Participant: 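Just dropping this structure here.
It should be emphasised that the depicted structure is a prediction, and the values quoted were computed from it without experimental measurement. Note: hydrogens, waters and symmetry copies are ignored here, and every other heavy atom, side chains too, is used.
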Amino acid sequence: MAAEAEVLDELHRLRARVPQLTGVLAASVDGLVLAHDTPGVEPEGLAALTAAALGVAVRMADTAGRGELRELLLRGDHGYVATYAAGSSAVLTLLAQDRVNVGRLHLEGRRAGGRIGELMDALPRPDDTAAANARSAARSPARSVAKTASAATTAASAQTPAKATVRSTMPRRTPRATTPRPTPRTAPRTTPNAPTTNES
């Protein structure tokens, strides 16, 4: 892939700029090797351990309220292991001798990580097609709903068998005859204050 060749060129240039580097590796955040120049070190194992360390470091930075992880520095008896964010999907890991200038290591590592991140983020990912389809559906929701409904109707009509007529063998119930209820008679109303006449 052209992008991987460009990433490898960037790693070679980085080693030339910082002579105390003994190895450089670019990997995806889930531990897959993208490009490497790591003589004497197994790149697959280093990439997998980088991904594991990155996961712990991200959680530690989040728990401590330090924000998004930018870099991770580890120092051993024989030198440094430095990991830098390279865009949204990759990381850059540098192996350096103990006598390296740490400020220069950080400066060059951040620059190289930024360039590698630009290269990797420009690559189309498998889920980009689905995201593009979702965006176009969001632009014209009525058209999308109409297409979906039309497709569902077509599929349903293709799968629905012809209705069969089923006749019951049970005898039909005849409705009972109903007689109208008599309406109760009401007594004539008397007005309470009506004047009464007394004939004598």
Participant: Got a sec, which pairs hit side chain to side chain donor-acceptor pair (under 3.5 Å) with one end in residues 33-48, sequence neighbours left out?
Facilitator: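 Only His12-Asp37, Arg15-Asp37, His36-Thr38 qualify under side chain to side chain donor-acceptor pair (under 3.5 Å).
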
Participant: Given the rule in the side chain to side chain contact (heavy atoms under 4.5 Å, CB included) test, do Leu92 and Leu11 qualify, once you have shown the distances and angles that lead to the verdict?
Facilitator: CA-CA 9 Å; Leu92 172 66; Leu11 296 184; 3.5 Å; yes

Participant: Under a 4.5 Å cut-off applied to non-hydrogen side-chain atoms, are Leu95 and Val24 in contact?
Facilitator: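 The answer is no, as the side chains (C-beta and beyond) never meet within the 4.5 Å cut-off.
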
Participant: Write out all pairs satisfying salt bridge (charged side-chain N to carboxylate O under 4.0 Å, His left out) with one or both partners inside residues 86-103, taking only residues at least two apart or from two chains.
Facilitator: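 For residues 86-103, and leaving out neighbouring residues, the salt bridge (charged side-chain N to carboxylate O under 4.0 Å, His left out) pairs sorted by first residue read Arg75-Asp98.
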
Participant: Any chain of hydrophobic side-chain contacts (each under 4.5 Å) joining Val7 to Leu21?
Facilitator: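 Linked within one cluster.
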
Participant: Check whether any side-chain heavy atom of Leu73 lies under 4.5 Å from a side-chain heavy atom of Val102, and answer yes or no.
Facilitator: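 Heavy-atom side-chain distance check passes, below 4.5 Å.
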
Participant: Between side-chain atoms of residues 48-62 and protein atoms elsewhere (two or more places apart, or another chain), which donor-acceptor pairs fall under 3.5 Å?
Facilitator:
{"from": "Thr50", "atom 1": "OG1", "to": "Leu46", "atom 2": "O", "distance (Å)": "2.7"}
{"from": "Thr50", "atom 1": "OG1", "to": "Thr93", "atom 2": "OG1", "distance (Å)": "3.3"}

Participant: Is there a path from Val18 to Leu107 through hydrophobic residues (I, L, V, M, F, W, Y) whose side chains come within less than 4.5 Å of each other?
Facilitator: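 No, it is not one cluster - the side chains of Val18 and Leu107 are not joined through contacts under 4.5 Å.
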
Participant: Which residues satisfy the side chain to side chain contact (heavy atoms under 4.5 Å, CB included) test with Ala27, sequence neighbours excluded?
Facilitator: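 By the side chain to side chain contact (heavy atoms under 4.5 Å, CB included) rule, Ala27 matches Leu25, Ala47, Val91.
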
Participant: How close do Thr22 and Ala96 get, heavy atom to heavy atom, and via which atoms?
Facilitator: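 So the minimum-distance heavy-atom pair works out to OG1-N, 4.1 Å.
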
Participant: Can you name the side chain to side chain contact (heavy atoms under 4.5 Å, CB included) partners of Glu118, sequence neighbours left out?
Facilitator: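 Residues passing side chain to side chain contact (heavy atoms under 4.5 Å, CB included) with Glu118: none at all.
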
Participant: Asp30: which residues meet the side chain to side chain contact (heavy atoms under 4.5 Å, CB included) condition with it, sequence neighbours left out?
Facilitator: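 Testing Asp30 for side chain to side chain contact (heavy atoms under 4.5 Å, CB included), a comparison that skips the adjacent residues, returns Ser28, Leu32.
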
Participant: With sequence neighbours left out, which residue pairs that include part of residues 102-115 fulfil the side chain to side chain donor-acceptor pair (under 3.5 Å) condition?
Facilitator: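 Every pair satisfying side chain to side chain donor-acceptor pair (under 3.5 Å) with a residue in residues 102-115: Glu10-Arg115, Arg17-Glu108, Glu71-Arg110, Tyr84-His106, Arg104-Glu108.
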
Participant: Just grab all the salt bridge (charged side-chain N to carboxylate O under 4.0 Å, His left out) pairs involving residues 76-85, residues at least two apart or on different chains.
Facilitator: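 Every candidate salt bridge (charged side-chain N to carboxylate O under 4.0 Å, His left out) pair involving residues 76-85 fails, so no pair, neighbours aside, qualifies.
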
Participant: Hydrophobic cluster membership, with links at side-chain heavy-atom distances under 4.5 Å among I/L/V/M/F/W/Y: are Met120 and Leu94 in one?
Facilitator: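 The answer is yes; both residues are in one hydrophobic cluster.
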
